[in-house]
Amino acid sequence: LGACYPRLSWEQPRIYYVDVVDGNDNNNGLTPETAFATIQAGIDAAYDGEKVLVWPGVYNEELDFLGKAHFFGYLCVFARNRSCKLKNAFLLFVALLSVTVPAQAKYGGGIGTSDEPYLIYTPEQMNAIGTDANDWDKHFKLTANIDLSGYTGTAYNIIAPNVPDANNIPFTGVFDGNGHIITNFTYNSTGALTFDIGLFGWVDGNDSEIKNLGVIEPNVVMPYGLRAGALIGMQNSGTVSNCYVEGGSVSGDYSVGGLIGGNTGTVINCYTTCSVTAENSRAGGLAGWNDDGGVIINCRASGAVTGSQNVGGLVASNFYNATTIANCYATGSVTGGDKTGGLVGWNHEGSISNCYCSGTVTGSSYVGGLVGLNAEAPISNCYSIGSVSGDTKTGGLVGKNIRGGKVENSFWDVETSGQTTSEGGTDKTTAEMQDPNTFLDAGWDFVGESANGTDDFWTICYLGACYPRLSWEQPRIYYV
């Protein structure tokens with residue numbers, strides 16, 4: 001019908017925003033912050049199948065629908081903390097084009113269902129979630145990047161906090177970060193006994209899910225208490241996927257992780273680069289502990305990790321009831337006391353497979369390039385190449401292996417580690433560690449071969465001079 005430029009047929013329908021109070025027709029209309037000022041500008045910009053979202057206000061316009069068929073419904077709404085002043089507020093359909101005003105809007109819109117999740121546009125809306133326990137079983141979607149620098153100390157309302165001696169309610173809903181980030185999350189509980197500190201405190205329920213979210217430059221301090229992470233304090237069940245923490249730091253007393261303090265759910269396709277410190281016990285680059293059937297798959301951590309005991313580059317403790325860590329790696333330095341490992345400090349009845357680590361590991365006893373102490377647990381198809389040093393019970397791959405723990409088809413670099421012995425695994429020179437045949441002969445499943453399987457867990461440069469990598473890893477950039 002004219003009045004528009006061509007677009008590619010695969011493009012997704014867009015939403016255009018109109019706001020008579022804060023908008024400007026010179027904007028592009030594609031976000032609430034860049035809204036148009038007039039409904040006409042929204043109609044002009046929209047194509048078939050697209051929506052124009054009109055916020056309440058007084059619109060004195062004579063509309064030209066450009067020859068497109070349309071019909072009206074009438075309603076009055078409240079949104080964005082403004083009273084409704086829109087006379088003849090309308091729901092307008094123009095052929096496949098729709099212009100809508102959200103009814104009874106809460107947060108930034110939506111009704112909290114999977115089809116119409118609550119929309120979060122602002123720091124104030126993000127902070128409001130933690131004030132209403134009735135919404136902790138609902139669906140949320142982030143629609144913009146959020147800067148929480150305005151909330152310091154304990155001003156941020158943790159979503160589903162775990163308060164001592166209270167009738168606590170977990171978050172059992174779904175939070176979709178929608179590819180956006182939350183920056184400058186700060187929480188400092190100095191002097192108070194606290195539990196489960198993070199953007200989310202306590203997450204539970206098989207259908208609970210937090211996904212597609214980045215946390216940038218967090219600053220979490222929990223000097224006295226249990227379980228802290230930039231994203232979640234404690235995940236009892238449910239799934240965290242495609243989430244990450246970049247920069248910043250997480251520190252606490254006991255069970256501290258870059259992403260999650262304690263996990264008994266599923267964590268997949270996540271990573272952290274923040275530093276992690278536990279004054280007492282259990283510091284992990286990604287999670288403080290993985291316990292009671294918890295699963296961590298396709299994850300990585302690269303920040304420095306420090307603690308007094310049970311310290312791991314990825315996870316501090318991997319415990320009990322078929323807990324699983326698979327297809328993961330850690331590259332950050334790890335410094336601890338007892339039970340310190342490049343990947344896991346203490347592995348007890350938990351399986352570790354297809355993993356590696358390359359960071360420097362320093363501890364006192366039970367110190368290993370991959371695992372500090374391994375008890376009643378299988379380790380398979382793993383390697384470590386970082387420097388390892390400890391006072392006693394120190395090994396290139398595993399510091400101590402007890403109670404029938406098994407270490408199979410796994411290796412450490414005897415040259416880079418500085419360790420000639422290990423309670424499990426096979427020592428190899430750097431040249432042997434960079435030879436594909438070392439791993440192919442051990443049954444490792446590589447991309448480009450099928451004799452060892454078709455899952456394609458690993459890849460390696462067949463020209464030599466490199467170690468194996470996991471096939472899901474993104475290409476790296478090297479700076480000179």
Open item on the list: How close do S189 and T194 get, counting heavy atoms only, and between which atoms?
Closed with: OG-OG1, 3.3 Å
Task: Ring centroid separation F140 to Y107 under 6.0 Å - done: yes
TODO: Quick one: do E246 and Y271 satisfy side-chain hydrogen bond (donor to acceptor under 3.5 Å, both in side chains)? Show the steps, please.
DONE: CA-CA 8 Å; E246 289 186 352; Y271 73 87; 2.5 Å; yes
- [ ] State, yes or no, whether a side-chain contact exists between L440 and N452 at a heavy-atom distance under 4.5 Å.
- [x] yes
TODO: Using a 4.5 Å cut-off on heavy atoms from C-beta on, say whether the side chain of L286 contacts that of I260.
DONE: no
- [ ] Kindly state whether the ring of F200 and the ring of F175 have centres lying under 6.0 angstrom apart.
- [x] yes
TODO: Apply side chain to side chain donor-acceptor pair (under 3.5 Å) to N168 and list each qualifying residue two or more places apart in sequence or on a separate chain.
DONE: N162
TODO: Report the distance from atom CG of L199 to atom CD1 of I129, rounding to the nearest 0.5 Å.
DONE: 9.5 Å
TODO: Could you tell me whether the side chain of I352 reaches within less than 4.5 Å of the side chain of V344, counting heavy atoms only?
DONE: yes
Open item on the list: Contact between F171 and W202 at the side-chain level, heavy atoms closer than 4.5 Å - yes or no?
Closed with: no
TODO: State, without any angle test, whether N157 and T131 hold a side-chain donor-acceptor pair at a distance under 3.5 Å.
DONE: no
Task: Interatomic distance, E408 atom CD to S380 atom OG [nearest 0.5 angstrom] - done: 6.5 Å
Open item on the list: Considering only residues two or more places apart or on different chains, which pairs with a residue in residues 249-258 satisfy side-chain hydrogen bond (donor to acceptor under 3.5 Å, both in side chains)?
Closed with: none
Task: W346 vs F319, side chain to side chain contact (heavy atoms under 4.5 Å, CB included): CA-CA, chis, key distance, verdict - done: CA-CA 8 Å; W346 187 3; F319 268 23; 3.3 Å; yes
TODO: Flag the pair C355 / I325 as yes when at least one side-chain heavy-atom distance between them is below 4.5 Å, and no otherwise.
DONE: yes
Task: Check: N347 side chain, G350 main-chain N or O, donor-acceptor pair, under 3.5 Å - done: yes
Open item on the list: Are more than 12 heavy atoms, taken from residues, nucleotides or ligands other than L8, located less than 6.0 Å from that residue's CG atom?
Closed with: yes
- [ ] Taking T394 for its side chain and T392 for its backbone only, find out whether a donor-acceptor pair lies under 3.5 Å.
- [x] yes
- [ ] Spell out, as yes or no, whether a donor-acceptor pair under 3.5 Å connects the side chain of D445 to the backbone of T454.
- [x] yes
- [ ] Measure the CG-OG1 distance between L231 and T272 for me, rounded to the nearest 0.5 Å.
- [x] 11.5 Å
Open item on the list: I need the full list of side-chain hydrogen bond (donor to acceptor under 3.5 Å, both in side chains) pairs touching residues 417-428, with sequence neighbours left out, sorted by first then second residue.
Closed with: K400-E423
Task: Pairwise side-chain hydrogen bond (donor to acceptor under 3.5 Å, both in side chains) hits with a residue in residues 350-373, at least two apart - done: D338-S364, D338-S365, N354-W458, Y356-E473, Y356-R476
Task: D147 and N184: side chain donor to acceptor below 3.5 Å - done: yes
Task: Spatial distance of atom NZ (K393) from atom CG (N401) [nearest 0.5 Å] - done: 13.5 Å
Open item on the list: I'd like to know if the side chain of E217 reaches the main chain of G248, judged simply by a donor and an acceptor atom lying under 3.5 Å from each other, with no hydrogens or angles considered.
Closed with: yes
Open item on the list: I'd like to check I181 versus L213 (side-chain heavy atoms, cut-off strictly below 4.5 Å). Are they in contact?
Closed with: no
Task: Exam field: side chain S450 to backbone G453, donor-acceptor pair closer than 3.5 Å - done: no
Open item on the list: Among residues at least two apart in sequence or on other chains, which ones pass salt bridge (charged side-chain N to carboxylate O under 4.0 Å, His left out) with E376?
Closed with: R403
Open item on the list: With a 6.0 Å cut-off (strictly less than), is the heavy-atom count around CG of D441, excluding the residue itself, greater than 12?
Closed with: yes
- [ ] Report the C-alpha separation of T186 and N219 in whole Å, then their side-chain angles, then the decisive distance to 0.1 Å, and conclude whether the side-chain hydrogen bond (donor to acceptor under 3.5 Å, both in side chains) test is met.
- [x] CA-CA 5 Å; T186 296; N219 180 18; 4.7 Å; no
TODO: Could you tell me which residues satisfy ring-ring contact (aromatic ring centres under 6.0 Å, His included) with Y320, sequence neighbours excluded, listed by chain and number?
DONE: H348
Task: Shortest non-hydrogen contact from C461 toward P436 - done: O-CG, 4.4 Å
Open item on the list: D132: which residues meet the salt bridge (charged side-chain N to carboxylate O under 4.0 Å, His left out) condition with it, sequence neighbours left out?
Closed with: K106
Open item on the list: Quick check for you: to the nearest 0.5 Å, what is the distance between S281 atom OG and N310 atom CG?
Closed with: 4.0 Å
Open item on the list: Tell me the closest heavy-atom pair linking N242 and C270, and the distance in Å.
Closed with: N-SG, 3.8 Å
Task: Under 3.5 Å: donor-acceptor pair, side chain of Q434, backbone of A431 - done: no
Task: Any side-chain heavy-atom pair of V398 and I379 under 4.5 Å - done: yes
Anything under 3.5 Å between a donor and an acceptor, one on a side chain of residues 381-391, the other on a protein residue two or more places apart or in another chain? List them.
| from | atom 1 | to | atom 2 | distance (Å) |
| --- | --- | --- | --- | --- |
| Y383 | OH | P468 | O | 2.4 |
| S384 | OG | G396 | O | 3.0 |

TODO: Flag yes if more than 12 heavy atoms outside Y156 fall under 6.0 Å of its OH atom; otherwise flag no.
DONE: yes
- [ ] Identify the heavy atoms of T190 and P223 that sit nearest to each other, and give their distance.
- [x] CA-CG, 3.8 Å
Open item on the list: Strictly by salt bridge (charged side-chain N to carboxylate O under 4.0 Å, His left out), give each pair with a member in residues 218-240 just once, sequence neighbours left out.
Closed with: D196-R227
TODO: Could you please spell out the steps behind the side chain to side chain contact (heavy atoms under 4.5 Å, CB included) verdict for T264 and M234?
DONE: CA-CA 8 Å; T264 58; M234 178 66 199; 4.0 Å; yes
Task: Heavy-atom side-chain proximity of L397 to V407 below 4.5 angstrom - done: yes
- [ ] Can you run down the salt bridge (charged side-chain N to carboxylate O under 4.0 Å, His left out) pairs that involve residues 447-460, sequence neighbours left out, and say none if there aren't any?
- [x] none
Open item on the list: So which atom in L142 and which in G177 form the shortest heavy-atom distance, rounded to 0.1 Å?
Closed with: CB-O, 3.5 Å
TODO: Determine which pairs satisfy side-chain hydrogen bond (donor to acceptor under 3.5 Å, both in side chains) with at least one residue from residues 286-302, sequence neighbours left out, and list them in order.
DONE: N263-N290, N269-N298, N290-N318, D292-N321, N298-N327
Open item on the list: Has N127 got a side-chain atom pairing as donor or acceptor with G130's backbone, closer than 3.5 angstrom?
Closed with: no
- [ ] Check salt bridge (charged side-chain N to carboxylate O under 4.0 Å, His left out) between K141 and all other residues, then give those that pass, not counting sequence neighbours.
- [x] none
TODO: Please report the shortest heavy-atom distance between Y17 and L30, naming the atom on each side.
DONE: CE1-O, 3.4 Å
TODO: Starting at CD1 of I146, measure out to OH of Y121 and round the result to the nearest 0.5 Å.
DONE: 11.0 Å
- [ ] Tell me, with the steps shown, if T172 and D137 meet side-chain hydrogen bond (donor to acceptor under 3.5 Å, both in side chains).
- [x] CA-CA 5 Å; T172 59; D137 61 348; 5.3 Å; no
